[in-house]
Amino acid sequence: MLKFIFNKLLMLIPTLLGITLAAFLFVRLLPGDPVTVLTGERGVSVERKAELMAQLGLDQPLIVQYGYYLKNILSGDFGQSIATHKPVIDEFFSRLPATLELAFAAMLIAVLLGVPAGIIAAIKRGHWPDHVVMGVALTGYSMPIFWWGLLLIILFSTTLGWTPVSGRIDLIKYYFEAETNFMLIDAWRSGQAGAFGSVVHHLILPAVVLSTIPMAVIARQTRSAMLEVLGEDYIRTAYAKGLSPTRVIMVHALRNALITVVTVIGLQVGSLMAGAVLTETIFAWPGIGKWMIEAIARRDYPAVQGGLLFIAVAVMLVNLLVDVLYGWINPRVRDGK
Amino acid sequence: MSLKRTLIATLLLGTLTTFSTSFAADKTFVYCSEGSPSGFNPQFYTDGTTFDAAGQSIYNRLVEFKPGETSISPALAESWEISADGTVYTFKLRKGVKFQTTKNFTPTRDFNADDVVFSFNRQLQKDHPYHKVSNGAYEYFTAMSMPDLLKSVEKVDDLTVRFTLARPEAPMLANLAMDFASILSAEYADAMMKAGTPEVVDNDPVGTGPFQLVAYQKDAMIRYKAHPDYWEGKPKIDNLVYAITPDNAVRWQKLQAGECHLMPFPNQADLEAMRKNPDMQVLEQEGLNIGYFAYNTQKKPFDDVRVRKALNMAINKPAIVEVVYQGAGKVAKNPIPPTMWGYNDAVQDDPYDVEGAKKLLAEAGVKDLKTNIWAMPVQRPYNPNARRMAEMIQADWKAIGVEAEIVTYEWAEYLERSKKGEHDTLLMGWTGDNGDPDNFLATLLGCDAVKDGSNRAFWCNNEFNDLVVKAKTLSSQDERAKLYQQAQEVFKKEAPWATIAHSVVHEVARKNVTGYKQSPFGLHVFKYVDLAE
């Protein structure tokens, strides 16, 4: 198993190198530059622009810039954000907990609701529960997130008053120092009565919105994986042996269907990141999705490069985890058979 | 319920009630801001959000704009004298002004001339020990020509400072009221330099302003408390909180839900509902801005004034104001807004005259003109919907036989390409920095501005330019106003732009908000705000 993980890790190195180059070129291929955005309608003289570009090291040939970039990365320096003059690594990691908290909550909702829904749809194939689950999944999958988020805010926050509109905590009632930037943990540790509840309350709506697409995908994939497995000979054998339907479905069928489902869950991490960009913007959620969008608009080269690199590493690590999980669920994968 | 349980429940309830009352005693004002500040040293940045969150909240300047006005009032300077030749400014400083006390710093002295000298020399002198701290690029300081203009800033005595200028500069006082001219503590800077952590000065700000920073959670919230020893008296609210909410539809929902007390930049389409809501007050003020439509005067046929005039005459501006600004704007005839001194009300706008436009085009020998209209991709107070505006101009021009294609790019690309002059015609605009006509006329239409790219009509007219350059050197506002009025006549005659509109800027507050005044510069100042019970 360790060798398997080591090999997988080794394969990450060329991918990472490719990503640094792609991120580096991607931001520079966009027309416009940080100085142009910074000066906006005002404009800037040619001399002053040259001076500012030189200050940012952007007057060097691309290959030299890339060389410096790689060299700095190797020494752990990911550069400074042009917009805020702060180290990119600080900017990223101070926002990451917010995104992780949201993504984790969303994934929890997606798995807890999506997997059982898929199982039920598979068992009741062709009957009304199947139609309901698949109908809801299709609707969820095709829903534009921005519109869906606003709709939920108008219904649950403004009209019914059940959930807060946006933010992470009630700013009028609670204040405590952020230590981990995981608001759930910070609120719990603050010991202020009601703070933790307020954080959970604020988390519900954005997590539901972000979970919508992964939930739909997971439900559909669970259903089709289950259907495939349920048609296998060993399931018929299990039934023939007189096992209870619950045992056949939960132990024999589900465990085999899980391989597909885990893959899908792993793949959803990428789409969660994409969804987080919109969800974070609607709910004023201070995560990395929103930060990246702003960095791209400002042509904040170091921030975009760093952000893309960190996100890519995160997605790769999750996929590695999925590979390891495969190996655990299905030893044939691990042994390369 | 057993007796024990009842007792515990009562105790818990009691604790909770005490807890919430202790908070209720504090007045917390929540502002749903449109974005995050770039940082907390206003010398470094050029965005309005940073000015609100740092310059206006934490700091003061020698002189400041009167609340809701463009005129100057004394602030950290109580009075000033200007030499006869207009090159020496001597400021008498206010006595007894206290800096904020934070976890990093407890001031041992009041504000004095050292703080002023430090704040300006840090930006001015390239060899100043603080010049390069935090990678400071003093963009606004440079954009307002301060490095060329300021010869020196010196301490005369503890409460007197002298600014010596390289040339007379009429808008100097107005410039000093801008956020880049905020006054930082020299004592704090010295202490942090000695501790080997000079950048702390920029991250954990200490100013003399009405609020002091308590915490900033990036992209989420900023928390301030009232500065207890503020020189104008402690603000009426105890805590100021920025709930950072970039989407205007969500800001409006939050305002309705009572999660914040005031929001800027409402969606124009929501205004009617906002006005009807009994819990809200819609504030409005004529903005210090201009939404304009520039012709690239270096391209044919826009180098011909008759073509520009004809195209202007074909645009139905009142219809644009009605549709694009939802009536919340004024048709513009001059490049400066009517609230600004020096505005020439005698100027006659080009009439909306389709037949006249056709005739003038024919006279210029232009037939079957095919061109483009560049529409900005972003929403700005001076132009809430450039795409819609472009479509309306396109339709108007069709009536005189001009075919225009609408072009739009992502903002950075739009700025870059238009600076290079790739457009035939483009929509753009401006919000004033300091209330001085020079800030519009020279910045947007002067010959120097052609090089900087802010003159997107690429129009360099000597008659106009001479008037504007001369006006900047005079100290009498009346004399300056006369020159600016003449310049506006030249502008109208030459028509490098179609002046579209001056917009009305809206903000929405809950009914119980009092003491808030909108700033013509689009700043958000909360020092006089209160919440009625």
Side-chain angles (χ1 to χ4, degrees), chain A residues 30-34 36-46 48 52 55-56 80 83-86 91 94-95 98 146 149-150 153-154 157-158 161 164-175 177-178 181 183 192-194 280-287 290-291 294 297-299, chain B residues 12 15-16 19-20 23 28 30 35-36 38-39 44 46 134-137 139 142-143 202-203 214-215 217-221 223 239 241 243-247 249-250 253-254 256-257 259-260 380 409-417 419 428-431 443 448-449 451-456:
Chain A
L30 295 173
D33 55 71
T36 305
V37 183
L38 182 77
T39 49
E41 289 98 326
R42 179 182 307 280
V44 58
S45 69
V46 179
R48 178 65 183 159
L52 286 170
Q55 223 173 54
L56 298 168
Q80 278 195 334
T84 63
H85 308 176
K86 306 267 157 54
E91 294 274 325
S94 63
R95 288 172 173 88
F146 214 91
L150 273 181
I153 290 178
I154 292 171
S157 310
T158 321
V165 177
S166 77
R168 291 177 83 186
I169 192 165
D170 185 334
L171 293 172
I172 300 180
K173 282 198 190 136
Y174 308 106
Y175 171 67
E177 294 259 342
N181 280 324
M183 198 56 104
Q192 289 186 23
E280 287 177 2
T281 306
I282 310 168
F283 290 96
W285 198 265
K290 196 160 106 334
W291 174 69
E294 281 168 14
R298 284 171 167 167
R299 299 293 188 273
Chain B
L12 267 177
T15 326
L16 276 177
F19 188 73
S20 50
F23 269 104
T28 299
V30 183
S36 306
S38 303
F44 294 157
T46 54
S134 306
N135 280 344
E139 203 37 50
T142 312
D202 305 318
N203 298 333
V214 175
Q217 284 164 11
K218 285 174 188 158
D219 294 344
M221 69 103 192
R223 195 175 187 92
N239 303 299
V241 174
I244 297 164
T245 316
D247 185 74
V250 177
Q253 299 299 331
K254 272 178 92 76
Q256 289 176 84
E259 290 175 31
C260 55
R380 285 284 188 275
Y409 295 103
E410 188 262 355
W411 186 226
E413 188 173 358
Y414 189 88
L415 292 168
E416 179 79 12
R417 286 177 183 260
K419 241 178 94 172
M428 193 56 101
W430 183 252
T431 299
T443 309
D448 280 349
K451 282 184 289 176
D452 297 355
S454 55
N455 182 341
R456 284 177 162 86

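Here is how names work: the chains are called A, B, and so on, in the same order as the sequence lines, proteins then strands, and each is numbered from 1.
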Participant: Check whether B/R223 reaches the backbone of A/L171 with its side chain - one donor and one acceptor, N or O, closer than 3.5 Å.
Facilitator: yes

Participant: What residue, out of B/R380, B/M428, B/K451, has the most heavy-atom pairs lying under 4.5 Å from chain A?
Facilitator: B/R380

Participant: Taking side-chain contact (heavy atoms from CB on, under 4.5 Å) as the criterion, tell me which of A/E177, A/R95, A/M183 meets it with B/Q217.
Facilitator: A/M183

Participant: Counting N and O atoms only, with roles assigned by atom type, does the side chain of A/R48 sit under 3.5 Å from a partner on the main chain of B/E139, one being a donor and the other an acceptor?
Facilitator: no

Participant: If you look at every heavy atom in B/A249 and A/L150, which pair is closest and at what distance?
Facilitator: CB-CD2, 4.1 Å

Participant: Can you say whether A/A178 sits under 4.5 Å from chain B via the side chain, the backbone, both, or neither, judging by heavy atoms?
Facilitator: both

Participant: Among A/L52, A/T281, A/T39, which residue forms the greatest number of heavy-atom pairs with chain B at distances under 4.5 Å?
Facilitator: A/L52

Participant: Can you check whether A/S166's main-chain N or O pairs, donor with acceptor, with B/K254's side chain at less than 3.5 Å?
Facilitator: yes

Participant: Please state whether the side chain, the backbone, both or neither of B/N239 comes within less than 4.5 Å of a heavy atom of chain A.
Facilitator: neither

Participant: Less than 4.5 Å to any heavy atom of chain A: does that hold for the side chain of B/V241, its backbone, both, or neither?
Facilitator: side chain

Participant: What's the shortest heavy-atom distance between A/R298 and B/S38, and which atoms?
Facilitator: NH2-OG, 3.9 Å

Participant: If you count heavy-atom pairs within less than 4.5 Å of chain A, which of B/A243, B/G453, B/S36, B/A220 leads?
Facilitator: B/A220

Participant: Considering all heavy atoms of both residues, which atom of A/E41 and which atom of B/G429 are nearest to each other, and what is their separation?
Facilitator: CG-O, 3.6 Å

Participant: So what's closer than 4.5 Å to chain B heavy atoms on A/E91: side chain, backbone, both or neither?
Facilitator: both

Participant: Looking only at heavy atoms, which two atoms of A/G287 and B/D219 are closest? And how far apart?
Facilitator: O-OD2, 4.4 Å

Participant: Counting only non-hydrogen atoms closer than 4.5 Å, does B/Q256 touch chain A with its backbone (N, CA, C, O), its side chain (CB onward), both, or neither?
Facilitator: side chain

Participant: Minimum heavy-atom separation for A/P31 to B/A412, with atom names?
Facilitator: O-CB, 4.1 Å

Participant: Looking at B/T142, B/D247, B/V30, B/T431, which makes the most heavy-atom pairs under 4.5 Å with chain A?
Facilitator: B/T142

Participant: Could you tell me if the side chain of B/Q253 sits less than 4.5 Å from the side chain of A/S157, heavy atoms only?
Facilitator: no

Participant: Under a 4.5 Å heavy-atom cut-off, does chain B meet the side chain of A/I282, its backbone, both or neither?
Facilitator: both

Participant: Pick from B/E413, B/R417, B/E416: which one makes a side-chain contact (heavy atoms from CB on, under 4.5 Å) with A/T36?
Facilitator: B/E416

Participant: Nearest 0.5 angstrom please: A/T84 OG1 to B/N203 CG, how far?
Facilitator: 9.5 Å

Participant: Short question: side chain of B/E259, backbone of A/V165 - any donor-acceptor pair under 3.5 Å?
Facilitator: yes

Participant: How many angstroms lie between CD in B/E410 and CZ in A/R299, if you round to the nearest 0.5 Å?
Facilitator: 4.0 Å

Participant: At a heavy-atom separation under 4.5 Å, does B/T245 approach chain A through its side chain, its backbone, both, or neither?
Facilitator: both

